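These notes concern the structure reproduced below.
Nothing here was measured: the structure is a model prediction, and the numbers come from that model. Residue numbers start from 1 in every chain, and the chains themselves are labelled A, B, ... in the order their sequence lines are given, proteins ahead of strands.
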Amino acid sequence: MISSNILAGLNPQQREAVALPQESALILAGAGSGKTRVLTTRIAWLIQTGQSGPHSILAVTFTNKAAREMLTRISAMLPINTRGMWVGTFHGLCNRMLRAHFRDAGLPQAFQILDTQDQLALVKRVLRALNVDEEKYPPRELMYFINNNKEAGRRPPAVEVQDEFYRRMAELYAEYERQCNHEGVVDFAELLLRCYELLSRNEILRAHYQQRFAHILVDEFQDTNRLQYLWLKLLAGAHNAIFAVGDDDQSIYTFRGASARNMFDFEREFAKGRVIKLEQNYRSQGNILDAANALITHNKNRLGKNLWTAEGGSEALRLYEAPTDLEEASFIVEEVKALRATAIRLSQIALLYRSNAQSRVLEHALFNAALPYRVYGGLRFFERQEIKHALAYLRLASNPDDDGAFLRVINIPARGIGGRSVEVLQAAAQQRGISLWQAACSTPLSGKAGQGVAQFVRLIEQLRQQCAPLSLAETVELVVERSGLMRYYEGERDGLDRIENLAELVNAAAGFQSEEPSMAVADAAAVDGAAQSVSDPDPRLALLDEFLSHAALEAGEHQAAAGSEALQLMTVHSAKGLEFDAVFISGLEEGLFPHENSLNEAEGVEEERRLMYVAITRARTWLYLTHAQTRMLHGHTRYNIASRFLHEIPAPLLRRLGTSGRRGYGTANASATVLGYNTSEPASPWRVGQDVLHPKFGNGTIVGVQGRGSDARVMVNFRQAGMKELAVEYAKLTPAS
DNA sequence: ATTAGTGGTGTTTTT
DNA sequence: CACCACTAAT
């Protein structure tokens, strides 16, 4: 049997999972237990044993990285064309389906996708158009409100309103929707909801896809939200098998609506008891795994699972307490150099942190030490200002009713159209129920602004015509040139980088068109018996729209050359699914990790702990845990105590490195300056780590001190009342043991 | 209309 | 600190 090749090297549980019959099942797979391997091998096995063609397989992941990884691995196992398979993120797959059936979904062919920036801008525009008080209805909050509701599958009428505030929020949600439909744009959540509604309302399409995808495989199932669950359920119908792989201990996206409930529901509704646990870890050495296991047992809400490894004992975890964040960074630099000297590749070393803001200090130190590094996250390629400008022109060329794109570039480069003129256009558009573009075409303005608008209209019209016969790369090149963006940045201060990025955008387009022949046409044509849903998309325009979708959905993950020998810097969230020989987890401080915003939420700390669990289990051999006594944040020095998670790791697993750990308090003058204290001043009783009693809030621990003398303020974490900032002069604090 | 400068404010994590 | 929204000066 050929299939024995594929199954070789798997342990009994993995093998059982891969070769399950065609029924739904839940695979509870711990970190490093070969989850991705099982998933990809399952696909290969289904195909190789002739149980399924590539055409019948749909695999969903959460990140584009994971999707690519999966395709690579499948191609390595089987010499087949993976084109027939649907492999991608929920958003990517929904987009693909909506592009193929835009008419049935009630969308214009050239519908555009809003990223978070665009969405927030649109929300603000809606609020402004209605003269809503932004103090009372903060744009951000409205955006979350909209997204949360969509992710729960609720359109405005279905929103439960308890009070006036939420009644109004629901109204604004409806207004936002109206505007989106007008402009032909969809946000991330809309992709999912719209696709779900398309399938649930259109029987022909639903039947088609249900018949097609006999095998649905889901990675990182613990991260699915309600709507995604319902979407899967719809697609599975009564007969298809869902093979779901997940780990409740690695659920770190509940803030985005992910719910462990889905795992319970799935087991009940689909798997019906077919649950396989993968508990053998092939990644980490003993001590690292012991630390992870010990940590996670502090969580109450678990399905229960314990990882073990056949690997023997190992290096202790290394713990380092730095006086400042700067010294934490230089410690890391030194250790990285030492690791490199023992022939560890830089690309096998990761520096992890809780929030993106922490990367600056690290980057600075690495730069000075001339260590090559690569930062994931932060500002991505397609989110850069100059790129967004260029994309806005492209969007207008495809869909001129996109008001967001219109506003972004109406006066870039400057055409003499100021806020005043834009307001006139907006008023005209609103009054007549038309887009800004239509208003610009039909509203005569006087003077310089009028000329500017006319010039802009002509430019866009020219672009639309001239692009028609061109390839994607040529289109992008033309737009970048003719829009005047190149010239505009030639005159700017930091324009050089931006010009390079614009050139890079042309390259990206060239790469895209060669590797991504338009799918929408083929997908639509593949639906037999649904002739009315087959639209007649112009393949060239479709390719431009696919490129624009790609820009929104995949914001350009690698900006540095992938695979280059560089240190890997990223947040813990983006490290999920990856593994490294050596891992540094930095900033292990109360308030940072666990993040202070999570302390007030009911399940907040448990999620932070899962996050820490994810971080620890990224490491194969070496794991460094670092924290700093003081840290610059938001322009202020903060005084932090060690993260509770450090106390939850058994002491014998840890080895303290370096200093006395107390350096910086009172001894060296340099440190005293850093701390902002005058060394001659008597030590204040209010110090980080001090337990205190407050008449109203009860017992707590000081976690931060700011200022001194009568201005002094302390941050106290109260056991009952949570975090409070108090002025020492007024708060009746007493030291407690 | 555009620019520079100011002051106030907020902030996790990501498709 | 960094991003904004608003104001004053060109």
Side-chain angles (χ1 to χ4, degrees), chain A residues 60-67 88-95 113-121 124 128 134-135 138-141 144 147 150-151 186-192 220 223-225 227-228 251-258 352-361 376-380 382-383 385 410-423 447-449 451-452 549-557 570-577 587 591-601 604 607-608 610-612 614-615 631-638:
Chain A
V60 204
T61 62
F62 260 80
T63 64
N64 300 296
K65 216 186 311 176
T89 63
F90 280 100
H91 295 87
L93 295 177
C94 287
N95 177 52
I113 300 171
L114 303 178
D115 66 14
T116 312
Q117 269 179 55
D118 300 331
Q119 191 188 11
L120 186 62
K124 283 182 183 169
R128 247 159 248 184
E134 292 186 22
E135 304 273 278
R140 230 163 240 289
E141 196 172 332
Y144 293 145
N147 290 341
K150 286 190 181 182
E151 272 157 14
V186 298
D187 56 48
F188 287 140
E190 183 72 24
L191 284 172
L192 298 173
E220 309 280 14
D223 288 333
T224 52
N225 62 35
L227 183 54
Q228 288 162 340
S251 161
I252 56 175
Y253 285 105
T254 61
F255 72 92
R256 222 169 66 187
L352 307 185
Y353 33 80
R354 173 69 237 269
S355 64
N356 281 306
Q358 288 168 251
S359 74
R360 310 180 119 273
V361 181
Y376 291 75
L379 191 60
R380 305 215 270 254
F382 287 108
E383 289 168 358
Q385 185 203 91
I410 174 72
N411 201 31
I412 298 215
R415 267 177 278 266
I417 305 163
R420 187 58 242 180
S421 314
V422 172
E423 272 174 38
K448 209 162 140 212
Q451 284 169 27
S549 308
H550 165 83
L553 292 173
E554 254 194 83
E557 283 165 302
M570 64 191 88
T571 63
V572 180
H573 280 92
S574 42
K576 187 153 82 147
L592 244 192
F593 199 179
H595 197 277
E596 55 197 342
N597 293 1
S598 73
L599 299 177
N600 298 326
E601 297 158 30
E607 172 135 332
E608 295 285 309
R610 291 193 294 270
L611 199 49
M612 180 67 181
V614 168
R631 174 180 301 277
M632 249 328 219
L633 214 64
H634 321 147
H636 283 288
T637 305
R638 296 198 2 173

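- Counting any heavy atom pair closer than 4.0 Å across all strands shown, A/Ser598 reaches no nucleic acid atom.
- Within 4.0 Å (heavy atoms only), A/Ala414 reaches sugar-phosphate atoms of the nucleic acid but no base atom.
- Inter-residue side-chain proximity for A/Leu611 and A/His573 is flagged as met; some heavy-atom pair is nearer than 4.5 Å.
- Within 4.0 Å of A/Lys576, counting heavy atoms only, lies no atom of the nucleic acid at all.
- Residue-nucleotide stacking is present for A/Phe255 and B/dT13, judged by a side-chain ring centre under 5.5 Å from the six-membered base ring centre and planes under 30° apart.
- Of the residues A/Tyr253, A/Phe62, A/Phe188, the one that meets the ring-ring contact (aromatic ring centres under 6.0 Å, His included) test with A/Phe90 is A/Phe62.
- Using a 4.0 Å heavy-atom distance criterion, A/Ile252 is classed as making no nucleic acid contact.
- Here A/Thr571 reaches the OP1 or OP2 of B/dT14: one of its side-chain N or O atoms lies under 4.0 Å away.
- Between A/Arg354 and A/Glu608 there is a salt bridge, since a side-chain N of the basic residue sits under 4.0 Å from a carboxylate O of the acidic one.
- Among the heavy atoms of the strands lying under 4.0 Å from A/Phe62 are primed sugar atoms or P, OP1, OP2 only; no base atom is included.
- To the nearest angstrom, C1' of B/dT12 lies 16 Å from CG of A/Asn147.
- In this structure, A/His91 does not count as stacked on the base of B/dT15 under the 5.5 Å centre distance and 30° plane angle limits.
- Taking atom CZ on A/Arg638 and atom P on C/dC1, their separation rounds to 16 Å, with Å as the unit.
- Closest heavy-atom contact between A/Gly257 and A/Asn225: O-CB, 3.1 Å.
- The side chain of A/His573 lies closest to B/dT14 when the candidates are B/dT12, B/dT14, B/dT15.
- As judged by a 4.0 angstrom heavy-atom cut-off over every strand, A/Asn356 is placed among residues touching the sugar-phosphate backbone only.
- Remark: A/Ser421 is in phosphate contact with B/dA1, judged by side-chain N or O atoms under 4.0 Å from OP1 or OP2.
- In plain terms, the two heavy atoms of A/Ala575 and A/Leu352 that are nearest each other are CB-CD2, 3.8 Å.
- An OP1 or OP2 oxygen of B/dT2 is reached within less than 4.0 angstrom by a side-chain nitrogen or oxygen of A/Asn411.
- Neither OP1 nor OP2 of B/dA1 sits under 4.0 Å from any side-chain N or O of A/Arg415.
- Between A/Arg140 and B/dT11 there is a side-chain polar atom (N or O) within less than 4.0 angstrom of OP1 or OP2.
- Minimum interatomic distance between A/Gly416 and A/Asn411 (heavy atoms only, all atoms of both residues): N-OD1, 3.3 Å.
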For a side chain to side chain contact (heavy atoms under 4.5 Å, CB included) check, start with the C-alpha distance between A/Leu192 and A/His91, then their side-chain angles and the critical distance, and finish with the verdict. CA-CA 6 Å; A/Leu192 298 173; A/His91 295 87; 3.7 Å; yes
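- Between A/Gln451 atom CD and B/dA1 atom C1' there is a gap of 14 Å when expressed in whole angstrom units.
- Closest to the side chain of A/Arg420, from the set B/dT13, B/dA1, B/dT15, is B/dA1.
- Heavy-atom distances to DNA chain B give each of A/Gly418 and A/Glu151 a nearest nucleotide, and the one nearer the 5′ end belongs to A/Gly418.
- Stacking of A/His634 onto the six-membered ring of B/dT11 is present: less than 5.5 angstrom between centres, less than 30° between planes.
- Separating the CD1 atom of A/Ile417 from the P atom of B/dA1 is a distance of 9 Å, rounded to the nearest angstrom.
- The separation between A/Asp115 atom CG and B/dT15 atom P is 12 Å, rounded to whole Å.
- Rounding to whole angstrom units, OH of residue A/Tyr144 and C1' of B/dT13 are separated by 10 Å.
- Note on A/Arg631: nothing from the nucleic acid sits closer than 4.0 angstrom, heavy atoms only.
- For A/Glu135 and B/dG8, the CD to P distance is 14 Å, given to the nearest whole Å.
- Nearest nucleotide to the A/Asn597 side chain, out of B/dT13, B/dT11, B/dT14: B/dT11.
- For the pair A/Arg360 CZ and B/dT11 P, the computed distance is 18 Å after rounding to whole Å.
- Nucleotides C/dC4 and B/dT13 have their P atoms positioned 16 Å apart, rounded to a whole Å.
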